[in-house]
Undergrad: 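Before I ask anything, here is the structure I am working with.
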Number of protein chains: 2
Amino acid sequence: MSTIKAGEDKMSKKQLIMDSALDLFAKQGFEATSVQQITDYCGISKGAFYLSFKSKDELIIALIDHFMEAFISDIDYIVKTTNNEELLYSFYYTNLQSFHKHSDFGKIFIKEQTHSLNQDLLGRIRYYNALMDSTILLMVERLYGEEITHIKYDLMYCIKSFVTMYSELFLFNNVVSLDLDLDLLAHSLVEKTNLLAKHTSIPFLTKEIIQVVSQTTDDKVKREQLLELLEQNIKEMDEPIIKESLILLKQQLLNPNLSPAIVAGLLENIQKNPHCKWVSYLLRHYFQI
Amino acid sequence: MSTIKAGEDKMSKKQLIMDSALDLFAKQGFEATSVQQITDYCGISKGAFYLSFKSKDELIIALIDHFMEAFISDIDYIVKTTNNEELLYSFYYTNLQSFHKHSDFGKIFIKEQTHSLNQDLLGRIRYYNALMDSTILLMVERLYGEEITHIKYDLMYCIKSFVTMYSELFLFNNVVSLDLDLDLLAHSLVEKTNLLAKHTSIPFLTKEIIQVVSQTTDDKVKREQLLELLEQNIKEMDEPIIKESLILLKQQLLNPNLSPAIVAGLLENIQKNPHCKWVSYLLRHYFQI
DNA sequence: TATACTAATGACTAACCGGTCATTTGTCAA
DNA sequence: TTGACAAATGACCGGTTAGTCATTAGTATA
C-alpha cells in the first residue's frame, strides 16, 4: 500500500522536523531560527519542509498543540481523579515533572508567552492558559470548599505563579547540573499553598479582573469537531480495547444510551493512551464529568 | 560655547530617540522594531540615529540602564531607610507603582528577560536581577531576623514571584481599563508574605542553587569608576547644594576624613535628585552603609 | 561675504528572511 | 527496460534588515 507508506513517511518526517525545531527554538527562539537552519539541522531540503508544513507559523502551532494537549489533559485528569489528600502534591509534582522532562518545550512556551506577535499563536497560548486556569480553579474549589470563595482567584494566581516561577528557575538556569529534588519542591509548594489558603484574608483579584485577563474565549466544544477527532483517533488506533472504547464513545456521542459508569470506564480506558489524552479531556468536558 | 551646546543637542536627541524607542519596543518588541521605524517615528534620518548610538543594541542597553538604575536605587533606599512596620508595604507599593508608571519599560524588561540573544544585554539584565535579589534578601533579613534563615532564599524568591507575576498581570492585559488598586494589592501581598515568613517550614532553595542562578557576578565597584561617574555628575549638576555634596563625597572617596553622620547626610542630599540616585546607590555600597 | 566645520541626510551595501516552483531523483508496476 | 508518478531539491524571488558613507545643509566665526 503505497499511500499508507507515504503517509507514514510524511508523519515521521513531520516528527523529525518538529524534533529539530524544538531543539533550535528552545536555544535561539522562534523568530531567530530560520527555516533553513531547521532543514540543515535535520538534513532535508527547504522544499521538503513545506511539504510537511504550510508555513513556519504552522510548525510552532503544531508544537504548542502537541505538548499543551498532553500537558493539560494530564493535569485535568489528576485534578478530577485524585483524592484530596494527595491532590495538591500530585498537581505540583506532575506540573514540575512535565516542565522538567520537556524543558525544551517549556522554554519555547514561556518565551512566546510574552514575546509573540503572531496573533494566531497568541490566541492559542491564551486559550491553553485559560484552560489551565479553569482547571486550577476547579482544584482550589475542590480542596478548600466554600469558605475560600472570596480569595479563590488570588489563590489560583499564586499557584500559577509558583509553578511558573520555580519552573523558570530550572528552565533558564541550568540548575540541571545540581540534581534538583522535585519531590521536595512539590512538598514545599504544597505547604505554601495551604498556608495561603487557610490564612489569607485580603483578596485582590476579582472575577471581573480575571475575566478581562482570560478574555473568556467561549469555546463550547462542538459535537461535530469532537466526532471528527474521534474518527481520526479510531482510524489511527491499533490496540483493540482502546479502539473499541473509542468506537463506543463515538456511538454515545451520536446516541446517548450508555450508563454514566460505563462512559466513565471507557474514558478511563482511553486516558491511558498518549494519543487519546486530548480527546479524553474534551469528552470529559462535553459529558460534564 | 559651541561645544557645550553641541553636547546638549546630542543629549536631547539621544533622549528623543530613547523616548520613541521605548514606545515602539513596548508595542512590538525590540527585534521586531527596525531602526528605520524609530527614526521615522521621531522625524530624524537613519544616519542621525548612528550619531547618537553606535548600534541598535547600544540603544536598548541604554534604556535598560536608565530605568534599572533609578529603579534599583529607589528600592534599595527604601529598604535601607524605612522602619520595619512600613517597610514591606513600601517595598511592594513602590515596586508596583514603578512598573505601573513605567509600564512601557516594564514590558520591554520582562520580554527581553527570557527572549534576548544578545549576550551583553543578557549579562546586564542578570546583573540588575542579582542586585535586586540581594536587596530583597537584605529586606527579608531585616524584617524577620535570624529565625527564618533556613527559608530566606525561598522567601526572597516568593516575593520576587509576587512582584513579577502580579505586575505581568496588569502589564500585558490592559487591566488599566479597570482602575486597579495598587494600595490594596500591596496590602494583600504584605499579608501573603508575612504568612509565608511566619509559618513556612519546608525550605527548597539553598545558597548553592541561588549562587548558580545569580552567577555571582562579583562586581566590587571600582573606586576609579566611581570617581569618574562622580566627576561626570558634578559637571552636569546645577543645584549648588547637591553639587557641593557631590564634591565633598568625591573628596571623601579620595581622602576619607568626614564623620559617618556627615557622609550619611550628604548621601541623603543627593538621593533626592533623580540624576544622582545611581551614584548614591553605588556610594552606599562602597561605604558599606 | 567667504570660510571652516559640524550636523544631518538617505541612497546604498551585503546579508538574510519566508516562501515558491521548475527541475531532478527515486521508486514502483507493467 | 520502460513509463508513470510522487518525493525531494535548491536556485530563485521579493522583501526587509542593520549599518555605512559620500554628499548636502546649516551655522558660527573672521
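Below, chain A is the first sequence line, B the second, and so on; all start at residue 1. The structure presented is a predicted model; accordingly, all values stated were derived computationally and were not measured.
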Undergrad: To the nearest Å, give me how far apart CG (B/Leu51) and P (C/dT6) are.
TA: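 Atom CG in B/Leu51 sits about 13 Å away from atom P in C/dT6.
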Undergrad: Tell me: CG of B/Leu59 to P of D/dA18, nearest whole Å?
TA: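 Between P of D/dA18 and CG of B/Leu59: 11 Å.
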Undergrad: Expressed in angstrom and rounded to an integer, what is the separation of B/Ile44 atom CD1 from C/dA7 atom P?
TA: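 Atom CD1 in B/Ile44 sits about 14 Å away from atom P in C/dA7.
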Undergrad: For the residue pair B/Arg126 and A/Asn173, confirm or rule out a side-chain donor-acceptor distance under 3.5 Å.
TA: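 On atom types as modelled, these side chains qualify, holding a pair under 3.5 Å.
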Undergrad: Please confirm whether A/Phe53 and A/Phe49 have ring centers closer than 6.0 angstrom.
TA: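 Between A/Phe49 and A/Phe53, which both carry aromatic rings, the centre distance is below 6.0 Å.
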Undergrad: Please work out which of the three classes, parallel, tilted or perpendicular, describes the rings of A/Phe71 and A/Phe99, given edges at 30° and 60°.
TA: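 Judged by the thresholds at 30° and 60°, the geometry between A/Phe99 and A/Phe71 is perpendicular.
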Undergrad: From CD of B/Glu58 over to P of D/dA18, roughly how many Å is that when rounded to an integer?
TA: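 It works out to 15 Å between those atoms.
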Undergrad: Within the 3.5 Å criterion, strictly below it, is a donor on A/Asp74 or A/Tyr281 matched to an acceptor on the partner's side chain?
TA: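 A/Asp74 vs A/Tyr281: no donor-acceptor pair found between side chains.
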Undergrad: Please report the distance, rounded to the nearest Å, between CG in B/Leu117 and C1' in D/dA18.
TA: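 Atom-to-atom, B/Leu117 to D/dA18, this comes out as 16 Å.
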Undergrad: Pairs under 3.5 angstrom, nitrogen or oxygen only, protein versus nucleotides 17-20 of chain C, please.
TA:
| unit_1 | atom_1 | unit_2 | atom_2 | d |
| --- | --- | --- | --- | --- |
| C/dG18 | OP1 | A/Lys56 | NZ | 2.8 |
| C/dG18 | OP2 | A/Val35 | N | 3.0 |
| C/dG18 | N7 | A/Lys46 | NZ | 3.0 |
| C/dG19 | OP2 | A/Tyr50 | OH | 3.0 |
| C/dG19 | OP2 | A/Lys56 | N | 2.9 |
| C/dG19 | N7 | A/Lys46 | NZ | 3.2 |
| C/dG19 | O6 | A/Lys46 | NZ | 2.6 |

Undergrad: Would you call the rings of B/Phe67 and B/Phe105 parallel, tilted or perpendicular if under 30° counts as parallel and over 60° as perpendicular?
TA: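 Aromatic pair B/Phe67/B/Phe105 classed parallel.
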Undergrad: Would you kindly check if the NZ (Lys) or CZ (Arg) of A/Lys56 is within the cone defined by 45 degrees around the ring axis of A/Phe30 and under 6.0 Å from the six-membered ring centre?
TA: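 Yes, a cation-pi geometry.
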